[in-house]
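Only one structure is covered here, and it is reproduced in the block below.
Quick note: residue numbers are just sequence positions, from 1.
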Amino acid sequence: MRDGYLTVAGAGGVHESEVNRSRFVCALAPAGTEEEAAAVVARERAAHPTATHHCWAYVIGADAGVQKCSDDGEPGGTAGVPMLRMLTRREIRYAVAVVTRYYGGVKLGAGGLIRAYGGAVGAALDAVGTVERRRYRLATVEIGHQRAGRLEHELRAMGHAVREVRYGAGVTIEVAVPADEVPGFEGWLADATAGEARLALGGDTYGLGPARAGE
């Protein structure tokens, strides 16, 4: 399981470029499933009914297990494939790209189309930006009331995502810890609570890291 991946920032966005009078409008959007990706493609078709082509590519899964693309009438391998290659080269996951082309009257040739479609996706990623999703391990910490307040404060100060705090006979703190930091977290917790805390590790989840511009 990957320790993290990049995906499209926010709700995605649109970037337009022009090559030899042809307009290439690239829409990027997050997509958690193939059905969500197909819905984005349908949306862009409806938004540009007079366009010449609506080529698309998407990558689903943290490990890029699902990769599909379409040339939508362009010569085979000149549109969808370079779009998909750009997504995978940038390590983009759970995302769909749709490039709508308005033909400008000048043929670009196979090489020109490959550069135009791949470049449209790359430029859109630069403009829209990406966000990192890190893999986290869910953990439950049980601690006595006397130490609970200080421990919760220290967890938050260290940047750990405290998901829930429950009070009963003792205090239960649910926290998400970066997967690669779990061994160090276990040692720190033992030292910080003089061995009083009980730690139970749960499953994995992906959480958002800081947003950043496209690379």
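- Heavy atoms from other residues, nucleotides or ligands lying under 6.0 Å from CD of Glu164 number more than 12.
- Contact check for Leu138 versus Glu174: no side-chain heavy atoms found under the 4.5 Å cut-off.
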Report task. May I have the step-by-step check of side chain to side chain contact (heavy atoms under 4.5 Å, CB included) for Leu125 and Ile92, ending in yes or no? Result -> CA-CA 9 Å; Leu125 287 170; Ile92 303 299; 4.1 Å; yes
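- More than 12 heavy atoms of other shown residues, nucleotides or ligands fall within 6.0 angstrom of atom CZ in Arg147.
- If you check the side chains of Tyr94 and Glu36, you find no donor sitting under 3.5 Å from an acceptor.
- Linking ILVMFWY side-chain heavy atoms closer than 4.5 Å, directly or via other members, places Leu113 and Val25 in two distinct hydrophobic clusters.
- Closest approach of Pro30 and Val8 over heavy atoms only: N-CB, 4.3 Å.
- Relative to the six-membered ring of Tyr5, Arg133 misses at least one condition, a distance below 6.0 Å or an angle of at most 45° to the axis.
- Note on Ile114: it does not cluster hydrophobically with Val19, by side-chain heavy-atom contacts below 4.5 Å among ILVMFWY residues.
- For the atom pair CD1 (Ile143) and CZ (Arg150), the distance works out to 11.0 Å, reported to the nearest 0.5 Å.
- Atom CD in Gln67 sits 7.0 Å away from atom CZ in Arg93 (nearest 0.5 Å).
- Among all heavy-atom pairs drawn from Val40 and Ala29, the shortest one is CG2-CB, 4.0 Å.
- Looking only at atom types and distance, the side chain of Arg101 has a donor-acceptor partner in the side chain of Ser22 under 3.5 Å away.
- Under the 30°/60° scheme for interplanar angles, the aromatic rings of Trp188 and His160 are found to be tilted.
- Of the possible polar contacts, one joining the Thr88 side chain to the Leu84 backbone as a donor-acceptor pair under 3.5 Å is found.
- In this structure, the side chains of Cys69 and Met83 stay at 4.5 Å or more apart for every pair of heavy atoms.
- Salt-bridge formation is detected for the pair Arg90/Asp126: a Lys NZ or Arg NE/NH1/NH2 atom is positioned less than 4.0 Å from an Asp or Glu carboxylate oxygen.
- Of all non-hydrogen atoms in Asp71 and Gly76, the two that sit nearest each other are OD2-CA, 3.4 Å.
- Using modelled atom types, one finds a donor on one side chain and an acceptor on the other under 3.5 Å when comparing Tyr58 with Glu34.
- When the side chains of ILVMFWY residues are joined at heavy-atom separations under 4.5 Å, either directly or via intervening members, Val14 and Val96 end up in two distinct hydrophobic clusters.
- Contact check on Arg156 versus Glu154 returns no salt bridge, with no Lys/Arg side-chain nitrogen under 4.0 Å from an Asp/Glu carboxylate oxygen.
- Hydrophobic clustering (side-chain heavy atoms under 4.5 Å, transitive across Ile, Leu, Val, Met, Phe, Trp, Tyr) keeps Tyr117 apart from Tyr102.
- When all heavy atoms of Ala139 and Leu201 are compared, the closest pair comes out as CB-CD2, 3.9 Å.
- For the atom pair CG of Leu189 and CD of Glu196, the computed distance is 11.0 Å after rounding to the nearest 0.5 Å.
- Taking all atoms of both residues into account, the shortest heavy-atom contact from Gly168 to His145 is O-NE2, 2.8 Å.
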Report task. Mind running side chain to side chain contact (heavy atoms under 4.5 Å, CB included) on Leu108 and Asn20 for me, showing each step along the way? Result -> CA-CA 8 Å; Leu108 302 182; Asn20 287 346; 3.5 Å; yes
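- To the nearest 0.5 angstrom, Ile173 atom CD1 is 11.0 Å from Leu199 atom CG.
- The 12-atom threshold is exceeded at CZ of Arg45, counting heavy atoms of other residues, nucleotides or ligands nearer than 6.0 Å.
- Applying salt bridge (charged side-chain N to carboxylate O under 4.0 Å, His left out) to Glu181 and the options Arg134, Arg137, Arg135 leaves one that passes, Arg134.
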Query raised in the report: Checking side chain to side chain contact (heavy atoms under 4.5 Å, CB included) for the pair Glu16/Cys26: CA distance, chi angles, key distance, verdict?
Result: CA-CA 6 Å; Glu16 182 173 333; Cys26 180; over 6 Å; no
Query raised in the report: After noting the C-alpha distance and the side-chain angles of Thr7 and Thr130, does the key distance pass the side chain to side chain contact (heavy atoms under 4.5 Å, CB included) rule?
Result: CA-CA 6 Å; Thr7 192; Thr130 60; over 6 Å; no
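- Taken from NE2 in His153 to CE in Met158, the straight-line distance is 11.5 Å, to the nearest 0.5 Å.
- Paired with Val121 under the rule side-chain contact (heavy atoms from CB on, under 4.5 Å), one option of Arg89, Met86, His15 passes, and it is Met86.
- A single hydrophobic cluster is seen to contain both Val182 and Leu155, as judged by linkage of ILVMFWY side chains at heavy-atom distances under 4.5 Å, directly or through other members.
- Using modelled atom types and a 3.5 Å distance limit, the side chains of Tyr103 and His53 yield no donor-acceptor pair.
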Requested in this report: Given ring pair (Phe, Tyr, Trp, His ring centres under 6.0 Å), test Tyr136 with Tyr206 step by step and report yes or no.
Outcome: CA-CA 6 Å; Tyr136 290 86; Tyr206 283 99; 8.7 Å; no
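- Remark: the backbone N or O of His48 is paired with a side-chain donor or acceptor of His54 at under 3.5 angstrom.
- Between Thr33 and Ile60, the shortest heavy-atom contact is O-CD1, 3.8 Å.
- Applying the salt bridge (charged side-chain N to carboxylate O under 4.0 Å, His left out) test to Arg198 and every residue at least two apart in sequence or in another chain returns Glu142.
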